[in-house]
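The structure presented is a predicted model; accordingly, all values stated were derived computationally and were not measured. Chain identifiers are assigned alphabetically (A, B, ...) following the order of the sequence lines, protein sequences preceding nucleic acid strands; residue numbering begins at 1 within each chain.
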Amino acid sequence: MRDAGVMAGELLDWYDRHARDMPWRVGPADRAAGIAPDPYAVWMSEVMLQQTTVAAVRDYFTRFMALWPTVHDLANAEDARVMGEWAGLGYYARARNLLKCARVVSRELDGAFPDTLDGLKALPGIGPYTAAAIAAIAFDRSETVVDGNVERVMARLFCIEDPMPGSKPALRDAAATLTPKARPGDYAQAVMDLGATICTPKSPACGICPWRDDCAGRAKGVQAALPAREAKKPKPIRHGIAYIARRTDGAWLVETRPDKGLLGGMLGWPGGDWGDEAEDLPPIAADWADLPGDVRHTFTHFHLILRVRTATLPQDAAPERGHFEPRLAPSDLPTVMRKAFDLARGTLS
DNA sequence: AACCCGTGGGA
DNA sequence: TTCCCAAGGGT
């Protein structure tokens with residue numbers, strides 16, 4: 001393997017030629033022209049990109065930045081509005097923490113994001129990865145950015161064959177040996193681009209990799225199998241019932257879910273808990289109709305089979321739980337709830 | 001430390 | 001169809 005500085009420089013040269021266009025990215029040419037990244041935009045993009053693909057984030061990022069151009073705008077937004085705009089992107093704790101963080105930065109830090117690793121990590125929703133990414137990209141600090149891409153690239157480059165997550169510290173140490181003092185933000189994005197486009201999880205394109213001659217995993221012929229992972233646990237199947245009711249004036253009966261737990265803070269259809277058996281808990285006594293078919297949806301750690309029941313309610317209906325939304329936008333619902341809506345809309349139109 | 005937390009695209 | 005897994009963080 002060549003000198004670390006030489007390798008970093010080689011990757012930066014590759015990045016200068018191949019950097020992908022993203023709405024939040026200040027490219028090498030822009031940077032050279034003295035255009036500095038906006039820490040608010042960097043933070044917004046990095047939070048959205050947590051465990052989420054570039055393709056999925058693109059439109060959400062553009063919309064959020066148009067609606068709330070500064071951290072003060074976001075801090076002053078209504079919770080329900082922000083949660084509705086986040087609907088569909090998943091991991092909804094990110095949206096709750098996004099608002100918390102914006103309010104701290106706007107009201108306690110005079111709108112200025114901290115420019116150090118520790119200062120950033122102290123904020124809600126900013127962990128080791130995001131803090132390093134913001135420090136490097138927005139503040140030109142030489143911090144080591146470690147995400148799934150970096151772990152994969154390092155496992156292959158250094159042929160670290162111990163399984164994840166146990167090997168994470170070794171992968172981080174390996175990454176740190178390559179982090180350059182110059183252009184740390186471009187370098188961080190370059191390694192992630194490399195992982196996303198060349199050093200991919202399956203069938204990596206080693207022939208066109210700028211680090212192909214340095215890669216110990218490739219030399220041994222095991223690169224495609226790295227990083228190794230511990231066996232995953234099987235996902236159980238849970239069952240539930242969604243109660244979708246519409247009042248005669250057209251308002252839908254929905255509930256705002258509690259802040260903690262699954263789909264926390266999001267709108268949803270009332271119903272009992274999801275478990276081995278569906279809990280039968282209608283929000284109001286009514287002539288509920290069992291819809292044929294069901295909604296199937298897979299979450300991070302279980303499969304869900306959701307039955308849907310519908311009813312039309314009188315104008316004076318007083319449900320035990322939930323509230324009526326006169327103009328419900330399906331796009332404000334998390335995906336599983338939108339699927340249930342799609343199943344019911346034909347019968348309650 | 002181990003578990004919880006979404007979604008969609010690709011193979 | 002099923003499985004994998006993606007620019008992780010909180011508890």
Side-chain angles (χ1 to χ4, degrees), chain A residues 19-20 22-25 41-61 83 86-98 100-101 120-138 143-153 164-166 168-169 172 175 185 187-197 199-203 224-225 227-238 257-266 268 274 295-304 333-339:
Chain A
R20 295 186 294 166
M22 302 175 191
W24 51 85
R25 180 170 280 179
V42 173
W43 163 73
M44 178 79 72
S45 66
E46 291 301 340
V47 171
M48 287 184 169
L49 285 163
Q50 289 167 4
Q51 295 287 284
T52 309
T53 58
V54 168
V57 165
R58 199 173 237 113
D59 290 349
Y60 282 87
F61 173 82
M83 299 310 288
W86 195 277
L89 198 55
Y91 284 132
Y92 298 100
R94 292 185 296 172
R96 302 195 299 274
N97 285 328
L98 191 81
K100 283 186 196 168
C101 182
L120 288 161
K121 266 194 287 196
L123 292 168
I126 300 183
Y129 162 78
T130 306
I134 296 172
I137 297 170
E143 301 292 356
T144 299
V145 175
V146 183
D147 74 329
N149 288 300
V150 175
E151 287 172 341
R152 183 172 60 258
V153 170
M164 295 250 284
K168 278 175 177 280
R172 195 201 181 289
Y187 173 81
Q189 295 177 89
V191 186
M192 293 190 282
D193 269 20
L194 185 75
T197 63
C199 197
T200 51
K202 296 170 184 173
S203 357
R229 297 178 192 275
E230 301 283 7
K232 303 178 184 38
K233 294 175 181 174
K235 295 182 180 183
I237 298 173
R238 294 188 192 171
R257 299 171 61 87
D259 257 356
K260 291 184 182 299
L262 190 71
L263 308 178
M266 300 299 292
W274 302 338
V295 167
R296 287 166 191 257
H297 190 76
T298 299
F299 293 96
T300 309
H301 56 291
F302 65 93
H303 302 286
L304 176 67
L333 298 171
T335 298
V336 65
M337 300 298 176
R338 189 178 46 71
K339 286 183 181 177

Positional range of nucleotides in DNA chain C within the contact set of chain A, heavy-atom, under 4.0 Å: C/dC5 to C/dG10
Residues in side-chain hydrogen bond (donor to acceptor under 3.5 Å, both in side chains) contact with A/Glu151, at least two apart in sequence or another chain: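 Per chain and number, A/Glu151 pairs via side-chain hydrogen bond (donor to acceptor under 3.5 Å, both in side chains) with A/Lys168.
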Sequence-distant partners of A/Lys100, side-chain hydrogen bond (donor to acceptor under 3.5 Å, both in side chains), two or more places apart: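 Result, side-chain hydrogen bond (donor to acceptor under 3.5 Å, both in side chains) vs A/Lys100: none returned.
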Any residue meeting ring-ring contact (aromatic ring centres under 6.0 Å, His included) with A/Phe61, in chain and number order, not counting sequence neighbours: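 For A/Phe61 the ring-ring contact (aromatic ring centres under 6.0 Å, His included) partners, ignoring immediate neighbours, are A/Trp24.
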Boundaries of the chain A footprint along DNA chain B (any atom under 4.0 Å from a heavy atom):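 Under 4.0 Å from chain A, the extent on DNA chain B is B/dC3 to B/dG8.
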Check: A/Ala87 main-chain N/O paired with A/Arg338 side-chain donor or acceptor under 3.5 Å: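 The answer is no, because no donor-acceptor pair under 3.5 Å joins these two groups.
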By the 4.0 Å heavy-atom rule, please label [X] as base, sugar-phosphate, or nothing.
X	value
A/Ser45	nothing
A/Ile126	sugar-phosphate
A/Thr335	sugar-phosphate
A/Arg152	sugar-phosphate
A/Gly88	sugar-phosphate
A/Arg296	nothing
A/Met266	nothing

Upstream residue (5' side of DNA chain B) when A/Ala87 and A/Lys233 are each assigned their closest nucleotide: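 Counting from the 5' end, the first nearest nucleotide belongs to A/Lys233.
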Toward the 5' end of DNA chain C, by each residue's nearest nucleotide, A/Asp147 or A/Lys260: A/Asp147
Position toward the 5' end of DNA chain C (nearest nucleotide), A/Lys100 or A/Lys202: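 That would be A/Lys202.
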C1'-based separation of C/dA7 from B/dC3 [nearest Å]: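 About 23 Å, rounded to a whole number of Å.
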P-based separation of B/dG6 from C/dT11 [nearest Å]: 14 Å
Partner residues of [X] under the side chain to side chain contact (heavy atoms under 4.5 Å, CB included) criterion, sequence neighbours left out:
X	answer
A/Pro201	A/Arg152
A/Arg20	A/Met22, A/Arg25, A/Val54, A/Asp193, A/Ala196, A/Thr197
A/Arg257	A/Leu262, A/Leu263, A/Met337

From CE (A/Met44) to CD1 (A/Ile134), nearest 0.5 Å: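 Those atoms lie 11.0 Å apart.
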Salt bridge (charged side-chain N to carboxylate O under 4.0 Å, His left out) involving A/Arg229 - partner list, sequence neighbours excluded: none
